[in-house]
Amino acid sequence: VQLQASGGGLVQAGGSLRLSCVYSGRAFSSNTMGWFRQAPGKEREFVAAISWSDTTYYSDSVKGRFTISRDNTKNTVYLQMNSLNTEDTAVYYCAADSSTYYTSSSRYYSTPSVYGSWGQGTLVTVSS
């Protein structure tokens, strides 16, 4: 499995960006896909996830501002980011969980070790 993230860049506070992550491999539609981010000097943190059944999960810090979606015909997962603020500045990583495990527990989807494949990251910088 290979994941290629793109769409990062420099944006002013209050602006929007859409990140994309293209999945190369088998059975994309069976994967849970997640987005994580890592700011300088901080640990990697969960942002959003979408299960193979299209259930979505968000961290409290982005809920209501970010939207995760997927297009199984394009093997792509998206992260639409609106109302960006300087605290959203980070490298954003997409990740894939091919286990087909399903749970309603959001803790599962926010755990990095659940995801077996990771992309290279795309940098998002929000200026004030």
Determine, using the 4.5 Å side-chain heavy-atom cutoff (strictly less than), whether [X] and [Y] are members of one ILVMFWY cluster.
X: Tyr92; Y: Ile50; value: yes
X: Phe46; Y: Val91; value: yes
X: Val62; Y: Val77; value: yes
X: Tyr102; Y: Val114; value: yes

Practice prompt. Starting from the C-alpha separation in whole Å, work towards a yes-or-no answer on side-chain contact (heavy atoms from CB on, under 4.5 Å) for Gln12 and Val126.
Written response: CA-CA 5 Å; Gln12 287 191 329; Val126 183; over 6 Å; no

Discussion item. Can you confirm whether the side chains of Ser113 and Thr111 place a donor and an acceptor under 3.5 Å from each other?
Written reply: no

Practice prompt. Would you tell me whether Thr103 and Ser105 have side-chain atoms, one donor and one acceptor, within less than 3.5 Å of each other?
Written response: no

Of the non-hydrogen atoms in [X] and [Y], which two are nearest, and what is the gap between them?
X: Ala5; Y: Cys94; answer: CB-SG, 4.1 Å
X: Trp35; Y: Ser20; answer: CH2-O, 3.7 Å
X: Leu3; Y: Ala95; answer: CD1-CA, 3.7 Å
X: Asn31; Y: Ala96; answer: OD1-CB, 3.7 Å
X: Leu17; Y: Val11; answer: CD1-CG1, 4.0 Å
X: Leu79; Y: Ala48; answer: CD1-CB, 4.1 Å

Worksheet item: Taking ILVMFWY side chains as joined if any heavy atoms are under 4.5 angstrom apart, and letting links pass through other members, which residues group with Val22?
Response: none

Practice prompt. Could you walk me through whether Gln4 and Gln120 pass side-chain contact (heavy atoms from CB on, under 4.5 Å), step by step?
Written response: CA-CA 7 Å; Gln4 181 70 43; Gln120 85 290 357; 3.0 Å; yes

Distance check, rounded to the nearest 0.5 Å: [X] atom [atom1] versus [Y] atom [atom2]?
X: Leu19; Y: Thr76; atom1: CG; atom2: OG1; answer: 12.5 Å
X: Ser51; Y: Met33; atom1: OG; atom2: CE; answer: 12.0 Å
X: Asn85; Y: Ser127; atom1: CG; atom2: OG; answer: 11.5 Å
X: Arg37; Y: Glu43; atom1: CZ; atom2: CD; answer: 14.0 Å
X: Asp88; Y: Arg65; atom1: CG; atom2: CZ; answer: 4.0 Å
X: Thr32; Y: Tyr101; atom1: OG1; atom2: OH; answer: 11.0 Å

Discussion item. Filter on ring-ring contact (aromatic ring centres under 6.0 Å, His included), then keep only pairs touching residues 2-30, sequence neighbours left out; what's left?
Written reply: Tyr23-Phe28

Discussion item. Under the ring-ring contact (aromatic ring centres under 6.0 Å, His included) definition, can you give me all pairs with a residue in residues 53-89, not counting sequence neighbours?
Written reply: Tyr57-Tyr109

Worksheet item: Quick one: is the NZ or CZ of Arg70 closer than 6.0 Å to the six-membered ring centre of Trp52, and within 45° of its axis?
Response: no

Worksheet item: Honestly, is Arg44 close enough over Tyr93, meaning NZ or CZ under 6.0 Å from the six-membered ring centre and within 45° of the axis?
Response: yes

Item to complete: Could you give me the CA-CA distance, side-chain angles and deciding distance for Gln80 and Ser69, then say whether side-chain contact (heavy atoms from CB on, under 4.5 Å) is met?
Response: CA-CA 8 Å; Gln80 177 66 44; Ser69 61; over 6 Å; no

Item to complete: Assess whether atom CD of Gln2 is packed by more than 12 heavy atoms of other residues, nucleotides or ligands within 6.0 Å.
Response: no

Item to complete: Identify which one of Ser98, Ser117, Ser24 satisfies the side-chain contact (heavy atoms from CB on, under 4.5 Å) criterion when paired with Val1.
Response: Ser117

Discussion item. Check whether Thr122 reaches the backbone of Gly8 with its side chain - one donor and one acceptor, N or O, closer than 3.5 Å.
Written reply: yes

Fill in: Phe36 ring center near Trp118 ring center (under 6.0 Å)
yes

